Amino acid sequence: MVESPAVDGGVLQTVRAKLPEFTGALQRVAEQVVADPAGAARATIVELAERSGTSPATITRFCRALGFEGYAELRLGIAEETGRARAAGWSVDIGREIQPDDPLDRVLGQIMAADTKAMQDTAALLDLREVERAADAITRAARVTIFGASGSALVGEEMQFSLHRIGVPAWAWTDLHNGLAAAALLRRGDVALGISHSGQTRETIEMLAESGGRGATTVALTSFPRSPLAELADVVLLTASQATTFRPDALSARHPQLVVLDLLYVAVAQRTYDRAHAAFQLTAHAVDGHKQRTTP
């Protein structure tokens, strides 16, 4: 058997990343696997076909689309992954719905388990060479523009704040008209960062496309490598997510997004150490007088 790339990158994360590519019957199989991975690991090929409203032949096609030779290898990959989750001490089922009467300690466990898994999946997915390319581009850039909408806008503002504190001229834009105007003023050597979990947010795609058309280096932060946003970017930074009740994928992706951007920020600070250290000292001193002093 040829080793499947899906195993190395996490079977369930691979299925989630490919969901937008699947249509019809294959999409129904993928949704069933993501919704109940433990059940998929226990089910026969006929049972999984019945649960997803498809056929055994469709299940076989689904397996091959993920790089597996057959259903036995897919079941083994899912079982190993869910087994590692239990071995790590996660006593809760990450995919379990949070009920209205669940005690807060169980809710906390669900959230912690989901976020921990998302962080680990992100670390496995992330290509550090792409992070280095993005950091090199930001280090050389005369200006950095950051685009995002809704929850991604909040993440973008965090990145803008971090870069600004170390002297990197960065702006975060959420309004389409203002963002397009900012993108139109970019030049070769500038950097534009577009943030979208789905990679399908129209406004973010338009702003990043305008930036690239002006010669800027474009960077996409997304969970889907074949999304429209990723396909138009020069550099792609991938994240993973683990949805829980009341926190769909777009919300649960926020912490992994922040981790990746923190890594990118530190990489830029390393490359501009003297300038970054001096700028951070200056900005820290400027606000120090507004901190409450404690008396001994």
Side-chain angles (χ1 to χ4, degrees), residues 20 122 126 130-239 241 248-269 272 276 279 283:
T122 295
L126 190 61
E130 292 288 272
V131 177
E132 290 175 346
R133 287 182 62 201
D136 290 339
I138 291 174
T139 298
R140 297 189 299 265
R143 82 169 59 185
V144 177
T145 57
I146 304 169
F147 307 119
S150 189
S152 295
L154 300 176
V155 175
E157 288 172 353
E158 284 279 338
M159 185 59 171
Q160 186 272 335
F161 171 77
S162 296
L163 292 175
H164 187 70
R165 287 292 299 268
I166 60 172
V168 176
W171 291 264
W173 303 96
T174 58
D175 177 79
L176 178 60
H177 289 187
N178 289 337
L180 286 174
L185 295 176
L186 294 178
R187 302 175 180 177
R188 187 171 301 278
D190 292 335
V191 172
L193 168 63
I195 305 172
S196 170
H197 162 67
S198 67
Q200 297 181 5
T201 304
R202 180 177 175 182
E203 294 84 353
T204 304
I205 292 170
E206 288 185 16
M207 291 185 283
L208 200 68
E210 176 69 23
S211 302
R214 299 294 174 173
T217 299
T218 53
V219 182
L221 179 65
T222 180
S223 297
F224 296 94
R226 296 187 183 277
S227 62
L229 186 72
E231 290 184 349
L232 67 83
D234 299 311
V235 181
V236 179
L237 307 178
L238 292 177
T239 60
S241 65
D249 280 339
L251 289 178
S252 61
R254 189 175 304 167
H255 290 155
Q257 287 174 338
L258 287 171
V259 167
V260 173
L261 292 181
D262 275 348
L263 177 63
L264 178 58
Y265 156 72
V266 171
V268 173
T272 60
T283 55

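Values in this document were obtained by computation on a predicted structure and should not be read as measured data.
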Min side-chain heavy-atom separation T145-M207 under 4.5 Å: no

Do the non-hydrogen side-chain atoms of E158 and L261 ever get within less than 4.5 Å of each other? no

Is any side-chain heavy atom of T201 closer than 4.5 Å to one of L229? no

Minimum heavy-atom separation for P228 to I205, with atom names? CB-CD1, 3.7 Å

Please identify each residue that fulfils side chain to side chain donor-acceptor pair (under 3.5 Å) with D175, with sequence neighbours left out. none

Within the 4.5 Å heavy-atom criterion, are V259 and T122 side-chain neighbours or not? no

For the residue pair V168 and Y265, establish whether any side-chain heavy-atom pair is separated by less than 4.5 Å. no

In sequence, state the C-alpha distance, the side-chain angles, and the governing distance for I195 and M159, and then conclude on side chain to side chain contact (heavy atoms under 4.5 Å, CB included). CA-CA 11 Å; I195 305 172; M159 185 59 171; 5.5 Å; no

How long is the gap from CG on L263 to CG on L126, to the nearest 0.5 Å? 6.5 Å

Closest heavy-atom pair, R143 versus L186, reported as atoms and distance to 0.1 Å, is CD-CD2, 3.4 Å

Minimum heavy-atom distance between A233 and L208, given as atom pair plus value: CB-CD2, 4.3 Å

Any side-chain heavy-atom pair from I138 and L193 closer than 4.5 angstrom? no

Minimum heavy-atom separation for V191 to A141, with atom names? CG2-CB, 3.8 Å

Minimum-distance pair of heavy atoms, taken over all atoms of A230 and P225: CB-O, 3.3 Å

Residues 222-233 vs side chain to side chain donor-acceptor pair (under 3.5 Å), sequence neighbours excluded, gives E21-R226, H197-S223, S223-T239

Considering all heavy atoms of both residues, which atom of F147 and which atom of S211 are nearest to each other, and what is their separation? CE1-OG, 3.3 Å

